[in-house]
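Letters A, B, ... mirror the listed sequences (proteins, then strands); counts begin at 1. In this text, all values refer to a predicted model and were calculated from it rather than measured experimentally.
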There are 2 protein chains.
Amino acid sequence: MFSNATKYAIRTVLLLASKSKIKNKNYIASDIASELDIPQPFLSKILQKLVRAKIVSSSKGRGGGFYLTKANLNKSLLDIIICIEGVNVLNECLLGQPTCSDEHPCPLHHYYKDVKKDLQKVISDFSVENLADEMFGVIG
Amino acid sequence: MFSNATKYAIRTVLLLASKSKIKNKNYIASDIASELDIPQPFLSKILQKLVRAKIVSSSKGRGGGFYLTKANLNKSLLDIIICIEGVNVLNECLLGQPTCSDEHPCPLHHYYKDVKKDLQKVISDFSVENLADEMFGVIG
DNA sequence: TTTAAAGAGGATATATTTATCCCTTTTGCA
DNA sequence: TGCAAAAGGGATAAATATATCCTCTTTAAA
């Protein structure tokens, strides 16, 4: 479904979000990597992309690390997906046909249509903060 | 979602299925490739896998090609997916966490759960023949 | 003001996926 | 019986994704 990079990115942002709920703590890349079991140098590349896209914030130098601002917490999963994948992979045709629509459907279009709508809703309606809250039982 | 190989495989099998509804015609690899716009040598490799898995039938030599028997028509999309991907990618955790269940859910588990069930239903309940029929308006 | 911790980022290595090439085997047909 | 059409399959190439390495810059603290 997603590339490893995107999975790592989502898990990383949600980790930072949940931690920011506890206390204002910077997380250094190596700690995130070991906590989420992600190769550290690869994670660093992903974090660089997330920082450039203003999905994650960072501070350099001793005592630095990664954290989320209020603005960062309002980002959606869709923002993360597009940042890493370049496109919204969840919006593509299941069979990879360039033109797949109600008018020119692929064989699975009819079945996948509603499923896709549900997925779209989750990844674009919920903010990183919503999801982090939920992980801590604030909502659900 | 799926690899190119799997997308190609599904489209190929459904093409063969729909053609087998018209007349008993062998399709040669190069014709399938140009009709579906798939690199021919790559498609040949995929067809080899499908033949070995008894999802597609073939006859060698002049006048040969690929076709579906009655038994082939009863295969499901799940059979094709597992043949090419090795596993059912639609059954995996969205975030790639090895243990993702109702007891130990990933942050998206709750939302993805029902979606996954719908997808599972489509790919395992419907046979290649069902889908081909539908493409030709026999059912829907 | 020196030092060590931390991110930034370019260059490189490895693995996997995708795609191609070439030769062999099979088989219908002239 | 020989030729050409077709799949089978091993070896290789190219592209992409994944992962690592090394150096630079920034910055807090000793």
Review point. In whole Å, what is the span from the CZ atom of B:R62 to the P atom of C:dC29?
Key: 7 Å
Review point. Hey, does the side chain of B:Y27 come within less than 4.0 Å of D:dA6's phosphate (OP1/OP2), counting only N and O?
Key: no
Exercise for review: Return yes if the base of D:dG10 and the side-chain atoms of B:K45 contain a donor-acceptor N/O pair under 3.5 Å, otherwise no.
Suggested key: yes
Review point. Would you say the side chain of A:L94 lies within less than 4.5 Å of the side chain of A:K116, judging by non-hydrogen atoms?
Key: no
Exercise for review: Nearest whole angstrom, please: distance from the P of D:dT16 to the CD of A:E85.
Suggested key: 14 Å
Review point. Quick one: is C:dA8 close enough that its OP1 or OP2 comes under 4.0 Å of any side-chain N or O from A:S58?
Key: yes
Check your understanding: Toward the 5' end of DNA chain D, which comes first, A:P39 or A:G63, by nearest nucleotide?
Key -> A:P39
Check your understanding: When all nucleic acid strands are considered with a 4.0 Å heavy-atom cut-off, which category describes A:S59: base, sugar-phosphate, or nothing?
Key -> sugar-phosphate
Study note, to complete from the structure: Winner on side-chain proximity to B:V51, out of D:dG8, D:dA7, C:dG7, is D:dG8
Practice item. Look at the side chain of A:E85 and the backbone N and O of A:S3, then say whether any donor-acceptor pair between them is shorter than 3.5 Å. Key: yes
Point to revise | Positive for side-chain contact (heavy atoms from CB on, under 4.5 Å) with A:L15, one of A:I32, A:L68, A:D31 | key: A:I32
Point to revise | Length of the CZ-C1' vector between A:F42 and C:dT14, whole Å | key: 12 Å
Exercise for review: Whole angstrom is fine here: how far is it from CG in A:N26 over to P in D:dA28?
Suggested key: 11 Å
Review point. What's the NZ-C1' distance between B:K60 and C:dT25, to the nearest Å?
Key: 4 Å
Review point. So, is B:R52 near the phosphate of D:dG8, with a side-chain N or O under 4.0 Å from OP1 or OP2?
Key: no
Point to revise | Nearest-Å distance for atom pair CD/P, residues B:Q40 and C:dT20 | key: 9 Å
Exercise for review: Carefully, step by step, assess B:S44 and B:Q48 under the rule side chain to side chain donor-acceptor pair (under 3.5 Å).
Suggested key: CA-CA 6 Å; B:S44 288; B:Q48 280 176 32; over 6 Å; no
Practice item. Could you check B:T12, B:T6, B:V13 and say which one makes a side-chain contact (heavy atoms from CB on, under 4.5 Å) with B:I10? Key: B:T6
Practice item. For B:G61, report the nucleic acid contact type (base, sugar-phosphate, nothing); a contact means any heavy atom under 4.0 Å. Key: base
**Study point:** Value in whole Å for how far the P atom of D:dG8 lies from CG of B:L43
**Key:** 11 Å
Point to revise | Spacing between B:K49 atom NZ and C:dA19 atom P, to the nearest angstrom | key: 13 Å
